Asker: 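I'd like to ask you about the structure that follows.
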Amino acid sequence: PVESGLLRMKAELIRHVQSRLNELLERALSDSMQALCRDTHTDHTHTQDRHKPDQGKVFVARCSLLDELFEISHIRTIYHMFIAALLLFIISTLAVDYIDQGRLVLDFDLFYYAFGQLGTVIWAWTLMFAYTLLGPYYILSVWASLNHSRGWRTCVSALAALTLCAAQTSMLGIFPVYIVLHYQLPPASRFIIILEQIRFVMKSYSFIRETTPAVLKNTPQKGASLPYPSLSSYLYFLFCPTLIYREVYPRNPSIRWNYVGMNSLKILASLFYLYFILVRLCIPVFRNKSNQPFSTRTFILALFHASFPGMLMLMLGFYAFLHCWLNAFAEMLRFADRMFYRDWWNSTSFANYYRTWNIVVHDWLYYYGYRDFLWVRTDAADSPGLTACHVLIILT
């Protein structure tokens, strides 16, 4: 009787455990199927919406990543190591000059050569800036005021597109190249003109790309003024460190002038760092190689001799421009979104590296290159409303 009772209890316990397991399994499967259905519906919705041109970048107030990392003492140690290396470069250069020539030689001929003809750079930049500020703004303003007249919409849009294309090509395409080639600008001055040319092209395109759909959507009522961006908002955009136009950005309440001063000093220190790298690590090596006939051996040696200085110059360029320069301008303009880069040093692939090391350019390429291309290829290509105004957005 005892054994039969134990067997009966064992059988009941097994049945109870099996029933509970079946209930748990059925509940888990049911929850999984519901979640899968929700995710499928969400993914389908996102797939339909993610390439719509009216969904753009959202700006939020945040600090730069290196500013946050430098609050950690262990990370700040690396920063101090680079400062110590700069001081070591300065001391070694002065010591070598004193031993070789018996006096301290503060020779910055390389700087004077690289940044030569600054007067030409200044007046050429002024002309490009004046056109970028006034040209696209007033051409689009005239187009916006005439676009909603029914009889002339297509003609006005085509004329505006042609005028804007011609002006952009002349002032931001041909003119900078002519200045660089005609005046034979030295390297740094040439670099300034070309970078500003690219920046003005990207900024003006963003203004056109963001303003044109807003004008097309907002038809003014009779007697009401046409909603059009103010010139002050566009002027602010031309100087703030972003390539995506918005009429309003998140702003900080005040300017930290000590932060601006420190970043300016860091930019100067980075330029001197670059100078000492060229003088101490690059110029002597390539000066010696220039006296030898070209061969595979000399090419490989020159390549490996240049790899370490090249890496240092890349890091200096990133820190001086993408961190110090952009943060200094952002602080002076109280621009609050400081995410100019992500943690590209943790990248495990070139794809992730190119997406994270320069967020400013990546956002422009993503929103105005990749997404607009998909929009034109899918949604806009099937729409009968693709007029010259829409082509103006893509081609100008």
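Quick caveat: nothing in here was measured; it's all calculated off a predicted structure.
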Asker: Checking Tyr138 now: which residues fulfil side chain to side chain contact (heavy atoms under 4.5 Å, CB included) with it, not counting sequence neighbours?
Answerer: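 Leu134, Leu231.
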Asker: With Asn258, which residues qualify under side-chain hydrogen bond (donor to acceptor under 3.5 Å, both in side chains), at least two apart?
Answerer: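 Asn258: no side-chain hydrogen bond (donor to acceptor under 3.5 Å, both in side chains) contacts found.
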Asker: Could you tell me which residues satisfy ring-ring contact (aromatic ring centres under 6.0 Å, His included) with His80, sequence neighbours excluded, listed by chain and number?
Answerer: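 For His80, no residue satisfies ring-ring contact (aromatic ring centres under 6.0 Å, His included) once neighbours in sequence are set aside.
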Asker: For Thr132, what residues pass the side chain to side chain contact (heavy atoms under 4.5 Å, CB included) criterion, not counting sequence neighbours?
Answerer: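 Scan of Thr132 (side chain to side chain contact (heavy atoms under 4.5 Å, CB included), adjacent residues dropped) gives Leu172, Phe200, Ser204, Tyr234, Leu238.
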Asker: For Tyr113, give me all partners under ring-ring contact (aromatic ring centres under 6.0 Å, His included), at least two apart in sequence or on another chain.
Answerer: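 For Tyr113 there are no ring-ring contact (aromatic ring centres under 6.0 Å, His included) partners, ignoring immediate neighbours.
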Asker: In the hydrophobic clustering that connects Ile, Leu, Val, Met, Phe, Trp and Tyr at side-chain heavy-atom distances below 4.5 Å, which members other than Leu88 occupy its cluster, ordered by chain and number?
Answerer: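 Answer for Leu88: none, a lone residue.
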Asker: Restricting to ring-ring contact (aromatic ring centres under 6.0 Å, His included), what partner residues turn up for Tyr228, sequence neighbours left out?
Answerer: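 For Tyr228 the ring-ring contact (aromatic ring centres under 6.0 Å, His included) partners, ignoring immediate neighbours, are Tyr137.
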Asker: Sorted by first residue and then second, give each side chain to side chain donor-acceptor pair (under 3.5 Å) pair with at least one member in residues 188-201; sequence neighbours left out.
Answerer: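 For residues 188-201, and leaving out neighbouring residues, the side chain to side chain donor-acceptor pair (under 3.5 Å) pairs sorted by first residue read Trp125-Glu196, Glu196-Arg199.
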Asker: Please name all residues satisfying side chain to side chain contact (heavy atoms under 4.5 Å, CB included) with Arg338, sequence neighbours left out, ordered by chain then number.
Answerer: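 Residues passing side chain to side chain contact (heavy atoms under 4.5 Å, CB included) with Arg338: Ser64, Asn252, Arg256, Tyr259, Asn327, Ala330, Glu331, Phe340.
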Asker: For Arg334, enumerate each residue passing the salt bridge (charged side-chain N to carboxylate O under 4.0 Å, His left out) test, keeping only those at least two apart in sequence or located in another chain.
Answerer: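 Salt bridge (charged side-chain N to carboxylate O under 4.0 Å, His left out) check on Arg334 returns nothing, list empty.
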Asker: Do Thr356 and Asn346 have side chains that get closer than 4.5 Å, going by heavy atoms?
Answerer: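 Side-chain contact under 4.5 Å: no.
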Asker: Cluster partners of Val60, using ILVMFWY side-chain heavy atoms under 4.5 angstrom, listed by chain and number?
Answerer: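 Grouped by the 4.5 Å side-chain rule, Val58 form the rest of the cluster around Val60.
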Asker: Can you list, pair by pair, the side-chain donor-acceptor contacts under 3.5 Å of residues 70-77, counting residues two or more places apart and other chains?
Answerer:
residue	atom	partner	partner atom	Å
Arg76	NH1	Phe70	O	2.7
Thr77	OG1	Ser73	O	3.0

